[in-house]
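Along the sequence shown, the residues carry numbers beginning at 1. Indexing begins at 1, ligand by ligand and atom by atom, following the structure's order.
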Amino acid sequence: MPEEIAAPVTNNFLRTIIDEDLKSGKHAGIVTRFPPEPNGYLHIGHAKSICINFGLARDFGGRCHLRFDDTNPAKEEQEYIDSIKESVRWLGFDWGKHLYYASDNFDQLYQWAVYLIEQGKAYVEDLNAEQIRAYRGTLTEPGTESPFRSRPVAENSDLFRRMKDGEFPDGTRVLRAKIDMASPNMNLRDPVLYRIIHTPHPHVGDTWKIYPMYDFAHGQTDAIEGITHSICTLEFESHKPLYEWFLDNLPVPARPRQYEFARLNLTYTVMSKRKLQELVRLGIVSGWDDPRLPTLEGLRRRGYPSAAVRSFCEQIGVGRSDSWIDVSILEECVRTHLNETAPRAMAVLRPIKLVIDNYPVGQTEEFTAANHPQRPEMGSRSILFSREIWIDADDFMEVPSKGFHRLTIGGEVKLRSGYIVTCLSVVKDGDGEIIELHGEYDPASREGIHTADGRKVKGVIHWVSAENAVNAEVRLFDRLFSDPNPDRGGIDYKQFLNPDSVQILTDCRLEASLADAVDETRYQFERQGYFCLDPKDAGSGTLVFNRIVTLRDTWAAKK
Ligand code: ATP
Ligand code: MG
């Protein structure tokens, strides 16, 4: 069940409008809706819309509907419907009994189309799509009226009924509103209301052979559901006069109002469903839930906590001017959340063995390590120490560079929550590759960072005992694109794919406690980043961890 979500504090223009509408008595309560078309998976941009719509309803004591805007069976599937519901729930929102489909209203919408025909405000068009486009005119030139615009009402009624009965093939006729072919707003130049599509629909099966356009369905559905504030992204601003034309010209039961906000644009990714679909279809990513995608299923699988996604949406605010948000802001929200909540653990991602020659063969001992440095209530765990341990290859340099404070030959380093050790020699294979390190420990250094004789040791490294370490695969994810704006016009966005967006390490050694890791727990692997089990590929004795995010913004350093 969704966890309790704290109400946000920031104000925005939508809150101001709603506040006034409630105070003035224009509305007794508010009703919003989140209206996805089930033609793909939801992404982080949709999360913004979900947080706005469900958030406003929550904060003003109203309700928010989940409505599938399912007017195009050629592109929609049950798989998408299921995934969308799951993602909204994952984000922590609940539509209660208010789950709707635009297609639930197909009968009513059909009757309203017939009503417009009878009023002389709609006609059946025989021109094909290309001709309709040519007749529509341009932004600087008015359109030309179709020769079918003046068809008698009776003929329109008859043809429209026969369109509905499936008498005509796809694309042969459409129903258009008769508004104004010279309007400066292209959306008012006799917009198409209905088209013929002989494709079964995921929700209403093969009942219908004609389908309403988005514009003809959306506002009327808002009215039927009693939506008070119909909140959408700015590209619908030019559709608003049409939205209102339908409400003015049809006997609708209520008068919703449309408000627009700026969509979320995020750097280093793409969000158009068509491009996400293409990445999946071409196998560039493993599926809609690939942890590198900005889809909610992808972020979830990657290990992003939904609370971090919500706080990101809250932080970016709601405005009316288009802007870009750097993905590092999202990553920082994830870090902030995980820093507070993630238990610490030690994991050696690129293992190299260190043999402690002065530690007795067969002997082991246990250290106690806190699960969180600032939160004693999160408890502690015991960590095994033994003669052979794994350390990270990155933490050793045979010839140290300046400022390298980790292990070197003759150098000392503190094992986190363990002893101080020194490296004395290196064993190599025939190719000169290091096979293992040998060294000694300082028995007097069990606690703290001082040696027996009081020398202070600068470097602290993570490690695991070779005695009980568990093997794991660890997937290091990075940004899918190496350019901040891959989705710019005219250039194939795929040329900006980051060749290093995933690195798979198959021979990692993890502290024994991680053998019992559970799906929903996110860990900080000390000095490495935040990780969680891959919900799909981990299981039955196989440990597969995803890197959720690095400890610091490594891209900022690169720039
Ligand atoms: P398409 O038009 O390709 O189907 P879409 O992303 O607009 O894609 P919808 O299913 O229509 O898909 O979107 C549902 C709701 O989410 C709409 O109200 C839309 O305005 C909103 N939305 C979509 N993308 C974003 C975004 N990047 N930022 C904020 N809101 C968004
Ligand atoms: Mg859309």
Side-chain angles (χ1 to χ4, degrees), residues 12 14 32-57 64-77 79-85 87-88 91 93 95 100-103 202-203 211-215 217-219 221-222 225 227 229-240 243 256-280 288 293-299 309-310 312-327 329-330 485 487:
N12 62 50
L14 293 170
T32 58
R33 85 284 171 269
F34 171 63
E37 181 180 1
N39 62 352
Y41 284 56
L42 298 183
H43 53 62
I44 183 79
H46 294 114
K48 176 175 180 179
S49 177
I50 294 168
C51 288
I52 290 173
N53 281 295
F54 280 93
L56 288 170
C64 180
H65 299 178
L66 173 61
R67 179 204 310 156
F68 289 102
D69 229 324
D70 53 349
T71 52
N72 184 2
K75 289 191 173 159
E76 297 159 8
E77 285 173 33
E79 176 194 344
Y80 300 138
I81 295 177
D82 296 339
S83 161
I84 288 168
K85 286 195 212 165
S87 289
V88 175
L91 258 188
F93 296 106
W95 53 87
Y100 301 104
Y101 295 82
S103 57
H203 189 59
Y211 287 90
M213 298 299 288
Y214 167 88
D215 281 321
H218 202 85
T221 309
D222 283 343
E225 289 180 22
I227 303 298
H229 298 78
S230 178
I231 299 161
C232 60
T233 36
L234 280 172
E235 69 269 22
F236 291 102
E237 198 169 17
S238 65
H239 294 242
K240 190 170 179 168
Y243 181 100
R257 251 188 96 83
Q258 174 181 306
Y259 298 93
E260 309 87 19
F261 69 94
R263 66 193 298 113
L264 170 65
N265 297 307
L266 200 61
T267 57
Y268 294 97
T269 192
V270 294
M271 275 199 268
S272 109
K273 280 186 204 159
R274 194 182 62 72
K275 296 194 175 80
L276 294 172
Q277 186 115 45
E278 186 175 59
L279 290 168
V280 173
W288 284 96
L293 288 181
T295 54
L296 297 184
E297 296 231 16
L299 299 181
V309 175
R310 287 194 302 272
F312 168 73
C313 291
E314 184 55 30
Q315 198 172 316
I316 59 176
V318 185
R320 277 194 45 93
S321 52
D322 270 313
S323 63
W324 284 82
I325 301 290
D326 198 281
V327 73
I329 294 178
L330 173 61
N485 182 11
D487 194 4

Query raised in the report: Between Gly45 and ligand 1, does any nitrogen or oxygen pair lie at a separation below 3.5 Å?
Result: yes
Query raised in the report: Are Tyr214 and His218 near enough that their ring centres are under 6.0 Å apart?
Result: yes
Requested in this report: Let me know which of Gln258, His65, His229, Arg67 forms a side chain to side chain donor-acceptor pair (under 3.5 Å) with Asp222.
Outcome: Arg67
Requested in this report: For the residue pair Ser230 and Arg257, confirm or rule out a side-chain donor-acceptor distance under 3.5 Å.
Outcome: no
Requested in this report: May I ask you to list the atoms of ligand 1 that are less than 4.0 angstrom from any heavy atom of Phe261?
Outcome: 29 (C), 30 (N)
Query raised in the report: Which part of Lys273 is near ligand 1, with near meaning a heavy atom under 4.0 Å away: side chain, backbone, both or neither?
Result: side chain
Report task. Specify side chain, backbone, both or neither for Pro35, according to which of its non-hydrogen atoms lie closer than 4.0 Å to ligand 1. Result -> both
Report task. Decide whether Glu297 and Thr295 meet the rule of one side-chain donor and one side-chain acceptor closer than 3.5 Å. Result -> no
Report summary line: So the atoms of ligand 1 within less than 4.0 Å of a heavy atom of Glu37 turn out to be 4 (O), 9 (P), 10 (O)
Query raised in the report: So is His43 close enough to ligand 1, meaning a heavy atom under 4.0 angstrom away?
Result: yes
Report task. Report the part of Asn39 (side chain from C-beta onward, or backbone N, CA, C, O) that has a heavy atom under 4.0 Å from ligand 1; answer both or neither where that applies. Result -> side chain
Report summary line: Under 4.0 Å from one or more heavy atoms of Thr233, ligand 1 contributes atoms 19 (C), 20 (O), 29 (C), 30 (N), 31 (C)
Query raised in the report: Can Lys273 be said to sit on top of Tyr80's aromatic six-ring, NZ or CZ under 6.0 Å from centre and within 45° of the ring axis?
Result: no
Requested in this report: Find all atoms of ligand 1 within a distance of less than 4.0 Å from any non-hydrogen atom belonging to Ser49, and give their numbers and elements.
Outcome: 16 (O), 21 (C), 30 (N)
Report summary line: Among Arg33, His46, Gln277, closest by heavy atom to atom 23 (C) of ligand 1 is His46
Query raised in the report: Do His239 and Asp215 have side-chain N/O donor and acceptor atoms under 3.5 Å apart?
Result: yes
**Report entry** Name of the residue among His46, Gln277, Glu79 meeting side chain to side chain donor-acceptor pair (under 3.5 Å) with Tyr41
**Finding:** Glu79
